[in-house]
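Here is how names work: the chains are called A, B, and so on, in the same order as the sequence lines, proteins then strands, and each is numbered from 1.
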Protein chains: 2
Amino acid sequence: MQDTTQKTSFKAQQLKFREDAILDVVNHLLARKGFDLMTMDEVAAEVGIAKASLYKHFASKEVLAAASMTRLIDRALAVVNDLSVELDPLEKLKGLVRWAVTAHLANTMPLLPSTRSSIQQSLTNYPPYMEKVGRLIEAVGTWIEQAQTSGLLSASLPGEVILYTVFARSCDPVADFLKLGGAFSDPEIVEMLVKTCFDGMSQDKSTL
Amino acid sequence: MQDTTQKTSFKAQQLKFREDAILDVVNHLLARKGFDLMTMDEVAAEVGIAKASLYKHFASKEVLAAASMTRLIDRALAVVNDLSVELDPLEKLKGLVRWAVTAHLANTMPLLPSTRSSIQQSLTNYPPYMEKVGRLIEAVGTWIEQAQTSGLLSASLPGEVILYTVFARSCDPVADFLKLGGAFSDPEIVEMLVKTCFDGMSQDKSTL
DNA sequence: GTCTATAAAATGATAGAC
DNA sequence: GTCTATCATTTTATAGAC
């Protein structure tokens with residue numbers, strides 16, 4: 001038959017579609033409860049398939065989480081790419097933090113940046129993930145260096161510290177508490193977090 | 001017998017001693033793994049007693065964690081009290097953050113400030129804990145107001161935001177990553193976190 | 001690949017002897 | 001109050017039919 005390849009490609013498309021739907025659910029659950037509290041039963045139920053079917057797509061809970069996290073890094077890389085326009089490096093960094101905090105508030109940012117999480121180790125042993133994280137770190141690291149040499153960011157602060165501080169905003173509980181309080185809109189919360197992150201909480205000396 | 005009360009008091013002392021030992025173990029486990037990953041088997045093994053004995057002291061895992069957390073707030077209140085000397089309010093706040101980050105690095109700071117943690121709800125339903133948290137918030141809130149009115153902290157930032165930001169430093173993953181990197185000593189990490197927390201990462205405009 | 005049914009292990013909690 | 005033994009439940013993962 002002549003349409004064998006077409007049929008296969010259609011099937012492959014359907015497969016990808018289904019797996020993307022699974023990863024959407026996983027991403028959401030990772031964001032709301034974290035890896036340890038997320039159960040495979042829950043994932044299967046929310047996707048609307050049997051648990052055994054889930055295991056046909058992903059070999060284990062850890063593999064499933066790793067796939068979801070890899071997709072997240074892909075998205076972060078896309079955001080980084082979009083930000084590579086005519087912005088100064090400080091604005092690029094702020095843009096990345098805005099994206100992360102916004103996603104966190106929308107429950108689409110998996111709760112990871114914690115040395116304590118039990119997936120952390122299996123993730124570091126998953127080369128496709130680590131390779132992409134490496135690319136992300138390199139891109140953001142470049143922005144940080146540029147911002148420091150051009151006097152936009154404090155040059156006395158080790159770049160490492162700035163890098164981790166930027167990434168850590170994606171899981172900052174301050175956003176959750178402010179949202180819980182109900183006094184501010186999501187965009188307001190995002191802007192306040194960005195401000196305290198980059199400018200601190202002390203009185204701005206330049207205005208005195 | 002005349003020494004009945006003495007005997008009782010001695011027994012009570014022993015009981016408190018044992019329960020304090022249990023809470024030490026729990027505090028350490030909560031700091032390293034969090035509530036959900038901490039198991040009662042583990043607690044019992046590390047204390048050196050049978051799991052059933054553990055349940056004679058504390059009715060459930062949640063009660064156990066609540067007791068540990070209450071003791072933590074007691075210690076925070078003691079630190080707040082020690083800081084009520086001749087320091088300006090900004091230095092008091094920094095002192096509190098220093099204590100929290102130092103404890104975090106020493107694995108003695110339970111990983112909580114997360115809306116996602118599954119104990120959070122049972123804690124809010126435990127009046128002794130909430131009462132002490134209330135006192136802590138009041139004391140720190142007063143410092144924040146003083147720092148804002150005296151121009152030490154940005155007055156345009158809602159007090160709420162400053163309060164949460166200060167508390168959130170106790171579980172900031174930046175400290176963990178920097179420690180993992182091995183390039184800095186614990187006190188250096190503490191000072192860098194305090195600096196970025198209060199002064200941000202942007203170039204200080206007053207030096208230009 | 002999807003399902004039902006079930007294994008295998010971990011874990012919170014309790015029974016009951018001493 | 002401490003122990004051993006056990007229960008009940010949850011949860012990761014698989015077997016095997018269709």
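Taking atom CG on A:Leu64 and atom C1' on D:dA13, their separation rounds to 13 Å, with Å as the unit. Counting to the nearest Å, the P atom of D:dT12 and the CD1 atom of A:Ile119 are 13 Å from each other. Straight-line distance from the CD atom of B:Gln14 to the C1' atom of D:dG1: 12 Å, rounded to whole Å. Per the geometry, CZ belonging to A:Phe17 stands 16 Å off P belonging to C:dG1, to the nearest Å. As rounded to whole Å, 8 Å separates atom C1' of D:dT11 from atom NZ of A:Lys61. The distance between atom CG of A:Asp41 and atom C1' of D:dT12, rounded to the nearest whole Å, is 9 Å. Atom NZ of B:Lys11 and atom P of D:dT2 are 11 Å apart (whole Å). A:Phe58 places its CZ atom 17 Å from the C1' atom of D:dT12, with the value rounded to the nearest Å.
B:Lys132 places no side-chain N or O within 3.5 Å of a backbone atom of B:Ala76 that could act as its donor or acceptor partner.
Of the charged side-chain nitrogens involved, none lies within less than 4.0 Å of a carboxylate oxygen, so that B:Asp82 and B:Arg75 do not count as a salt-bridged pair. For the pair B:Arg169 and B:Asp172, the salt-bridge criterion is met [side-chain N within less than 4.0 Å of a carboxylate O]. The existence of a salt bridge linking B:Arg135 and B:Glu131 is confirmed by a sub-4.0 Å separation between a basic side-chain nitrogen and an acidic carboxylate oxygen. Salt bridge present: B:Arg71 and B:Asp24 bring a charged side-chain N and a carboxylate O closer than 4.0 Å.
Distances shown here put every side-chain N or O of A:Tyr55 at or beyond 4.0 Å from the OP1 or OP2 atom of D:dT14.
Residues forming a ring-ring contact (aromatic ring centres under 6.0 Å, His included) with B:Phe184 (at least two apart in sequence, or on another chain): none.
Taking only side-chain atoms of B:His57, from C-beta outward, the nucleotide of D:dG1, C:dG1, C:dC3 with the closest atom is D:dG1. When distances are taken from the side chain of A:Thr39 to each of D:dA13, D:dT11, C:dG12, the shortest belongs to D:dT11. Of all nucleotides listed (C:dT11, D:dT2, D:dG1), D:dT2 comes nearest to the side chain of B:Arg18.
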Give the intermediate values and the outcome of side chain to side chain contact (heavy atoms under 4.5 Å, CB included) for residues B:Leu83 and B:Trp143. CA-CA 11 Å; B:Leu83 285 166; B:Trp143 291 350; 3.9 Å; yes

Using a cut-off of under 3.5 Å, enumerate the N/O to N/O pairs linking the protein to nucleotides 4-9 of chain C.
none

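Nucleic acid contact for A:Lys56: base, since at least one base atom lies under 4.0 Å from a heavy atom of the residue.
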